[in-house]
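Have a look at the structure below, then the notes.
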Protein chains: 2
Amino acid sequence: MDAIADDAGGKRARGLDRAFEILDFLRQKRQALKPNEIAAQIGAPRSSVYELVNLLLRNGILEFTGGDGRVYLGRKLYFLGAAYENHFDFTRECEAALERLAGETRETAQFCMLDGNKYTVVHMREGARPFRISTDIGQSVPIPWTASGRLLVAHMTDEEILAFIPPQDFQLPGGEWLDPQAFLTEVRQAGHEGFFTFNSIVDSFTHCFAVPVMDEGHAAATLCLVTPRDDGLANRDRYLACLKDAAASLGQAPTRPKRS
Amino acid sequence: MDAIADDAGGKRARGLDRAFEILDFLRQKRQALKPNEIAAQIGAPRSSVYELVNLLLRNGILEFTGGDGRVYLGRKLYFLGAAYENHFDFTRECEAALERLAGETRETAQFCMLDGNKYTVVHMREGARPFRISTDIGQSVPIPWTASGRLLVAHMTDEEILAFIPPQDFQLPGGEWLDPQAFLTEVRQAGHEGFFTFNSIVDSFTHCFAVPVMDEGHAAATLCLVTPRDDGLANRDRYLACLKDAAASLGQAPTRPKRS
DNA sequence: ATCATATGTTCAATATATTGGACATTGACG
DNA sequence: CGTCAATGTCCAATATATTGAACATATGAT
């Protein structure tokens, strides 16, 4: 039912969940915070947060940094993340693909995945354009805001999708609401065609292209281009072809465990 | 008192500690495992492991992979690790330094840190030598086995060092025991001279060089060269100079938080 | 068929983790 | 000075997480 963090009822929270809530919060903030601040901002009892922070510090999951008792994500997380990346050794090929894409199109190219029930940019190669048009790496973005979002949930049923995406994520940055049914229609279309493009609904001057990187029958990730609207429309076919090539080269090497 | 994982007494284990024990174990094994196997191999109650594995799966910390209900480290760990790496943005400079070192020396160059109370290779650039002489990235190695180990604990007092390093880690791979007092002497020497070199005690044909990457007054990491013995001895002064240059270039940019 | 092993699920007992609130300290401010 | 806010520590009460053991199922060997 619940995806990650629910401050719901009035019960006690499980330490493990609370701990990962803290880690996720620090990741979102992208800066060291005092335990007290963490407690206040995630709405958790201070004593609990102090207890958990100490536990996590002892395990190297958190580290003191920034002085004044501030803590941030620790080295052990780096090692664990590196092991994940190593197991599914996609980073090298991924960056090669982005490099190639950026070379062919001169546009900003991104490699995106789901992080829980949000969309996030995992790798990015900035284009030659003089302006900066993309979200930062690692930031969580509501799925309906993005072209990739249509593809990343395309393997689910309508009901699963609506249960998966938090209802408030259908509210666009401007404040308007996106009709869930319209979104589902686009999801089906994207899944069927094997790509999705649209004028960004996050800003008013970019056009977005997304194609799926297939793995085990569904979109495990997407490759995207973010372009100025006129460029995107003018080069649409060529850009799509580039993206599909790149995605195919990634997809055909699906999650292979590395041999030691 | 306890560093990370103690299956000591007869009491109940805390979920959080057990959870990270599972994660660390999977990282060590570097392969997906069934919950049952995990339980057996880390000596934890099966019901506890099943419970924790399910919790971790729900949070994306673990993922099903490899079929048959096997689990491995999950995508969320990748994101958390990436955030850590991003905060202390050393990876790019680090790999540049290794690249340069490898170019200048044609030897295998490594960037090493402590992971808990073990030594581990974080980044590596293989040399031009036709044989493979180094440990794998991310593997945990007893501190006394390595040249870098002398530097990485040099900021501690003798008592702290002996409390920090598990006693059995003074047993070398061949079975002989390294005298802790002799080790401490080498640590002091390394700390004083600002480098350490020796004929590897892990194998019989390499010579190791290590210099510290200083941060906040102590060795936060080391840069190392692993060379065939005769090459190492022949080029000792030049190699050391290269290493010190590289370490200085890394050290003078200490743990700077990235601005958003 | 019988036994052994590996795997996963369920459940009740109790050891303990989580929590609210009291307390201590510091610094800012009027 | 007194007051307020921010921060960290401490502690007892109780809700619950951890655990051993029983149970269920599958597979393979003898």
Side-chain angles (χ1 to χ4, degrees), chain A residues 1-26 29 31-72 74, chain B residues 1-26 29 31-72 74:
Chain A
M1 295 302 168
D2 57 337
I4 276 168
D6 52 345
D7 316 32
K11 303 299 185 173
R12 288 163 146 211
R14 185 180 270 242
L16 237 177
D17 288 331
R18 199 74 100 180
F20 285 113
E21 196 181 347
I22 291 173
L23 297 184
D24 255 340
F25 181 70
L26 286 173
K29 285 292 182 180
Q31 58 174 319
L33 255 30
K34 301 186 202 180
N36 208 30
E37 298 173 309
I38 300 176
Q41 297 188 50
I42 69 176
R46 289 186 316 139
S47 42
S48 307
V49 172
Y50 275 101
E51 163 95 13
L52 289 171
V53 163
N54 281 327
L55 263 182
L56 295 170
L57 282 169
R58 277 206 276 114
N59 283 23
I61 308 293
L62 289 181
E63 281 176 13
F64 280 120
T65 180
D68 282 322
R70 265 177 275 261
V71 297
Y72 192 65
Chain B
M1 295 301 167
D2 56 336
I4 276 168
D6 52 346
D7 317 30
K11 302 299 186 173
R12 289 159 69 151
R14 186 179 269 243
L16 235 175
D17 288 331
R18 200 74 101 179
F20 286 113
E21 196 182 348
I22 292 173
L23 298 184
D24 255 341
F25 181 71
L26 287 172
K29 286 292 183 182
Q31 59 174 317
L33 254 30
K34 301 187 203 181
N36 208 30
E37 298 172 310
I38 299 176
Q41 298 189 50
I42 69 177
R46 290 186 314 137
S47 42
S48 307
V49 172
Y50 276 100
E51 163 94 14
L52 288 171
V53 164
N54 281 327
L55 263 182
L56 294 170
L57 282 169
R58 279 205 274 111
N59 284 19
I61 307 293
L62 289 179
E63 281 176 14
F64 280 120
T65 179
D68 283 321
R70 265 179 275 263
V71 297
Y72 193 65

d(CZ, B/Arg18; P, C/dA17) in whole Å: 12 Å
Close side-chain approach of A/Tyr72 and A/Leu33, heavy atoms under 4.5 Å: no
Distance, rounded to the nearest Å, where A/Asp68 contributes CG and C/dG27 contributes C1': 13 Å
Selection from D/dT7, D/dT19, C/dT19 that lies nearest to any side-chain heavy atom of A/Pro45: C/dT19
Residue B/Ser48, side-chain atoms from C-beta onward, closest of D/dT18, D/dT7, C/dT19: D/dT18
Residue A/Glu51, side-chain atoms from C-beta onward, closest of C/dT18, D/dA17, D/dG8: C/dT18
Interatomic distance where NZ belongs to A/Lys34 and C1' belongs to C/dG27 [whole Å]: 11 Å
Among C/dG21, D/dT19, D/dG8, the nucleotide that comes nearest once only the side chain of A/Pro35 is considered: D/dG8
Whole angstrom value for the distance that separates P of C/dA17 from CG of A/Asn54: 14 Å
Toward the 5' end of DNA chain D, by each residue's nearest nucleotide, A/Glu37 or A/Leu16: A/Glu37
Proximity to the side chain of B/Arg12 - top-ranked nucleotide from C/dT9, D/dT7, D/dT18: D/dT18
Interatomic distance where CG belongs to A/Asp17 and P belongs to D/dT16 [whole Å]: 13 Å
Base of C/dG20 paired with side chain of A/Arg46 (donor-acceptor, under 3.5 Å): no
Nucleotide of C/dG20, C/dT7, D/dG20 approaching A/Ser47 most closely (side-chain heavy atoms): C/dG20
Distance in angstrom units between A/Leu33 CG and D/dT7 C1', rounded: 13 Å
Check: C/dA17 base within 3.5 Å donor-acceptor of A/Arg14 side chain: no
A/Glu63 side chain reached by A/Val71 side chain, heavy atoms, under 4.5 Å: no
Touch class at under 4.0 angstrom, heavy-atom based, for B/Ala40 against every strand present: nothing
Whole-Å distance separating the OH atom of A/Tyr50 from the P atom of C/dC23: 19 Å
Where at least one partner belongs to residues 41-53 of chain A, residue pairs that pass salt bridge (charged side-chain N to carboxylate O under 4.0 Å, His left out), sequence neighbours excluded: A/Glu51-B/Arg14
Sub-4.5 Å side-chain heavy-atom contact between A/Phe64 and A/Leu57: yes
A/Gln41 side-chain N/O to A/Ile38 backbone N/O, donor-acceptor pair under 3.5 Å: no
Nearest to side-chain heavy atoms of B/Asn36, which nucleotide of D/dT7, D/dA15, C/dT7: C/dT7
